[in-house]
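Written out below as structure tokens is the structure these notes cover.
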Amino acid sequence: MAEEPKAPASPAGTPSAKPAPAVRKPAAAVAPTGPVDPAPADDVEVPAWLVALQAAIPDGVTQLTYWVGDWTVIVPAGRLLEVGRHLHTGGFDFCSDVTATDWPLRAQRFDMIYALYSIRDRNRVRIKVRVGEDETVPSVCGLWPAANWLEREVYDMFGVNITGHPDRRRILMPDDWQGHPQRKDYPLEGPGELLMENPLDWLRLKQAAQEADIE
Amino acid sequence: MTSGLITFYAVGALIVVFALLVVTSRNTVHSILYLVADFLAVALLYATMNSMFVATIQILVYAGGIVVLYLFVVMLVKQKSESELASDPRRRNVIGGILVAAVLGELVVLGVSNAISPAAPSVNAPGGVENVAMALFTDYLIPFEVVSILLLVAMVGAIILARREI
Amino acid sequence: MIDAIVLPLLKILVVLNAVLVGVTFMVLLERKVIAWAQARLGPMRVGPYGMLQPIADVLKLMVKEDITPAKADKWVFTAAPMIALIPALIVFAVVPFGPEVSIFGRRVTLAITDLNVGLLYVVSVTSIGVYGIILAGWASNSKFPLLASLRASAQLISYEVAVTMILVSMVVSAGTLSMAGIIDAQYQQGVWYAFAQPLAFVVFFIGGLAETNRAPFDMPEAEQELTGGFHTEYSGMRFALFFLAEYANMIVVSCVATTLFLGGWLQPFPNVSALSFLGFVPGWMWFLGKTFVFLYVFLWIRATLPRYRYDQLMRIGWKVLIPLGIANVVVSAVLKVLL
Amino acid sequence: MAPESQPMFDTDEIVLNMGPQHPSTHGVLRVVLRLDGERVVGSDVVIGYLHRGIEKLCENRDWTQIVLLTDRMDYVAAATNNVGYCQTVEKLMSIEVPRRARYLRTIMCELQRIASHCLWLGTHAMDIGAMTVFLYAFRERELILDLFEEYCGARLTYNSMRIGGLPLDIPPGWDKKVLAFCDIMDTKLVEYEQLLTHNRIWLERTKGVGVISAEEAVAIGLSGPPLRGSGVKHDIRKDEPYAAYDEMQFEVPVGEAGDTYDRYLVRIEEFRQSVKIIRQAIEGLPEGPITGKVPRLIKPPAGETYHAIESPKGELGYFIAADGKSTAPYRFRVRPPSFCNLQALPRLIQGHLVADVVALIGSVDVVLGEVDR
């Protein structure tokens, strides 16, 4: 059921013989299509509260992953609040982090990641929600007020459409800033003119330049 | 005697000048400052008649206390800019004029009738601490008590009016 | 002629210069004392051990640019520091620095003048000082100084009442308003009022601290909150005048406290014959020594204590010091009648 | 919301801009206060003045070059940032860090905690008017900076960790100096307490100021001393031990009322616990290598993880996703404790006076480099 990572379009990485010359290595040749969400190996025993979650909301959890000791629950955007409420009453009262990852070449572009912690039982879980650029994700400020600023930063940096947020404004960038800096298609050196009009053309241009550089 | 007379007239002139400035100055805070200067001049007058107690009380009570509260009020209340003040219709009414004329008339009559003779600054000045104390607590005891009660009532009233849970 | 005109002028000259020089060295003393309290050295660069620092300060403030904010009320803006400084200086007219002394065969009282209402004169003149602060805040025509000047004036007025209550109880026990008279009363009664009425002493000192915006009560110029308080907009010589006024006020409070509570120029235990060898130290030396002790305590407190919040400061003023002051007056009056 | 300028002062609400350039906002933080007289009616925190885009920068840098950038987030506790980052990558690559390196990391983290708390104590007391404590606290902080300078040559941005362990072993005699520092610190702590803990004015300025209950503190995402000040016994060094904390004996100080005074007491007690930990770690410092088996070209396998450590300010978490091919992390995210603690500021200062706002900014102890990243 785990999604096989597609082989990247062009040969990977820099020639290994030569030691790394420039101070800054060129960024990844091609942005891979999506995260690796390894399914839990069979010898790993699923904790009770996760089993309870899957039982309580059968179609709430599309996938369960386990990697270097972390449990992640992949949830459709529609069921996020339901799963959140279940976990919140189940003891996960501390929302330590809300962030996002940008996979530009994937249909549902963003991964919203909610890192939760239970102070009483001392265990952690991450909820991951796949959101497209034009789709919306409900705000979890109702369940965890801590997420207020964290979601504002995700909106500011990634432009994920978060609905139901009490005060959705930019938090780090100036209010009239164009574009969302932490998207992969946002150039490191800041907004040029081309980016403003058509980000995807800019991305293809950049990849073409890199391939030419490699030959 | 003549040096006493000269100082008396000089200080008197000072008082009158300051009083006029109070009335005529455009800016409210400036007029309050002239008022303070006026009270200090009056205190100076008492000092020249070497009743130091009354002079210091004058500075303490009037210049140091009451006018500070005037200044408070002026600073807190929203100011009308100079232009509005000038064209304020209520200022040009007739009754005001009549009253001023009447008061001036009385002053002139009083001045002319008893020949101007400044109260000679006597040595055991009536304003000394002992004399004031004795007078206050023997002959004028009842008015003193009545006034103190009145002040108390005024204070309590002020506190009730400014009733914000402090 | 000489006694009436020249001698007082000479005294005024001496006292005024002494105070102004004293104030500049007070600034150095403050920086040194606070530095020692904080395990550091304080100004060491100008002159040996930083001794010439005051001169450097004064010169700096003189040559610095003196800015007047655009919409500020020019006249009131320049007058405010003067109004703050003048009362602080003219109070020294009644401060009794020493007993009768004969210089070149002429009896000279070491005080500019000895009003029979000396103490009342002190109170009334210091009450004029509050105008300087209010007008400075108002004339700078910007939000922060305005807030600070309101705070400062409310603080001064409320603590003035407490201090006046204490002075009244001192007058009751001394029987006279004249400063020299109070010192003689302490000599006759053989006890300094600091020991006769310790409560009054403490309340007076706290009131004095608050009256000069010092140490735990330095709300108005609390840099952390109101960015500099009422003298934010001031610079150069005008700012120096405010500085001088603050330190002159400190010296005034110390002098009055010495006169009232530590028996002015009296040597300790004056009528105990065994200690009469202390007599060789002249009176005014005792007076200056005691004043210095008070000034040191001012600085010491500033180095150690944190600052009160504005409402706590008013609560202490109205709900603690003033009732104590009134109680003190009543008690000392009753004692005066009974004893 | 620029403050509207009325010609004269009138008694309804005024808007006061505290910051971004203000003596007591500990950096470029701007708090827009709506005041009714002296009382705070409403407030809005404006940040972002120090935003350098560290997360984006790290996504274009090698795994080893990123250690430099983590120094510059919480510049008051740089070593803690390095440890947090290196441990996250070690968790991704499941590298086993030798015991000596873990001990040294614990010592560095605790030294950094003392230095950060010294700076907090100094500025917090200075804001409330006690100037002397500032000088005392910075005198002790100097000793720690000298120790770090001797170890890694820098006083602020240490670059003191490598993925898999430490770049170089401690110079000879360094551990003696650390022990000497611990003895000095114990005596100096008594001095701080004498000046502040039982000082009536300090009590009056901090007791009952900025009270927040345990549930509310957890809900709004407070962590570290502000959370423990409200009575929540959560310390990652105890709950999810990392480095060598599982072998250390120490208590986690917890307050009751959740006001500024309890947060002060919690941090003062943390001074003592840190000294205790450092002593245990120095005495038990094992011999052995200081770096684990690390491939020359670091390329973690594809996958992502979130690892949190207890920085002096609270829970410092790193969420790092690797795509298995490139030599740079695909997603580099930091959960800054100052950012989440600062979120509680409007709630804490509501209804207090302007002087309390200054005390509360000190009590929440934020470093703007970490808030803005």
Side-chain angles (χ1 to χ4, degrees), chain B residues 3 21 25-37 39-40 42-44 46-47 50-79 81-82 123-125 127-133 137 155 159 164-166, chain C residues 4 73-77 79-80 82-83 86-87 90-91 93-94 113-139 141 145-147 149-150 152-154 156-158 160-161 164 167 171 175-178 181 311 314-315 318-319:
Chain B
S3 70
L21 281 174
S25 88
R26 284 246 169 271
N27 184 324
T28 346
V29 175
H30 287 192
S31 65
I32 289 186
L33 280 186
Y34 292 128
L35 190 63
V36 171
F39 287 148
L40 292 181
V42 166
L44 193 61
Y46 288 133
N50 100 39
S51 55
M52 284 310 292
F53 176 72
V54 178
T56 40
I57 285 292
Q58 160 81 2
I59 296 176
L60 180 61
V61 169
Y62 279 104
I66 293 172
V67 182
V68 169
L69 300 183
Y70 282 5
L71 206 55
F72 248 59
V73 167
V74 162
M75 275 167 52
L76 288 181
V77 160
K78 206 155 181 20
Q79 281 287 295
S81 63
E82 274 71 10
V123 173
N124 50 8
V129 179
E130 297 73 17
N131 317 51
V132 167
F137 287 103
M155 245 195 318
I159 292 169
R164 236 166 52 147
E165 40 16 273
I166 297 145
Chain C
D73 184 325
K74 236 172 67 53
W75 288 108
V76 175
F77 189 74
M82 296 168 201
I83 298 173
I86 291 168
I90 58 179
V91 175
V94 287
T113 150
D114 179 19
L115 294 174
N116 55 14
V117 284
L119 212 49
L120 197 60
Y121 171 82
V122 166
V123 170
S124 61
V125 166
T126 44
S127 74
I128 304 288
V130 82
Y131 281 106
I133 294 176
I134 297 181
L135 292 176
W138 181 79
N141 198 0
L146 204 55
L147 266 180
S149 69
L150 286 176
S153 39
L156 287 187
I157 291 169
S158 48
E160 207 179 300
V161 174
T164 315
L167 296 190
V171 164
T176 160
L177 269 168
S178 130
D311 55 323
M314 297 310 276
R315 177 173 56 75
W318 288 98
K319 290 185 182 158

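Numbered from 1 within each chain, the chains take letters A, B, ... in sequence-line order. From a predicted model like this one, the values you see are computed outputs, not experimental measurements. Values below: all heavy atoms of this structure, side chains included; hydrogens, waters and symmetry mates excluded.
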Side chain / backbone / both / neither for [X] at chain B, heavy atoms under 4.5 Å:
X	answer
C:Tyr121	both
C:Asp311	neither
C:Val123	both

As an exercise, state the distance from [atom1] of [X] to [atom2] of [Y], rounded to the nearest 0.5 Å.
X	Y	atom1	atom2	value
C:Asn116	B:Phe53	CG	CZ	10.0 Å
B:His30	C:Asp73	NE2	CG	3.5 Å
C:Leu177	B:Met52	CG	CE	11.5 Å
B:Leu33	C:Trp75	CG	CH2	13.0 Å

Do C:Leu156 and B:Val68 make a side-chain contact, defined as non-hydrogen atoms from C-beta onward lying under 4.5 Å apart?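 In short, these two side chains do not touch, never coming nearer than 4.5 Å.
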
What closest approach, in Å, do [X] and [Y] show between heavy atoms, and which atom pair accounts for it?
X	Y	value
B:Phe72	C:Ser153	CE1-OG, 3.0 Å
C:Ile128	B:Ala63	CD1-CB, 3.7 Å
C:Ser127	B:Gly64	OG-CA, 3.4 Å

Please determine, among B:Val67, B:Ile57, B:Leu69, the option with the most heavy-atom pairs under 4.5 Å with chain C. B:Val67

Please flag which part of B:Val61 lies under 4.5 Å from any non-hydrogen atom of chain C: side chain, backbone, both or neither. neither

Report, as yes or no, whether the 6.0 Å neighbourhood of atom OH on B:Tyr46 holds more than 12 heavy atoms from other residues, nucleotides or ligands.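 For B:Tyr46, atom OH is not crowded (no more than 12 foreign heavy atoms under 6.0 Å).
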
Based on non-hydrogen pairs under 4.5 Å, which of C:Ile83, C:Thr164, C:Thr126, C:Leu135 is most in contact with chain B?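 The answer is C:Leu135.
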
Checking side-chain contact (heavy atoms from CB on, under 4.5 Å) for the pair B:Thr56/C:Leu115: CA distance, chi angles, key distance, verdict? CA-CA 11 Å; B:Thr56 40; C:Leu115 294 174; 5.6 Å; no

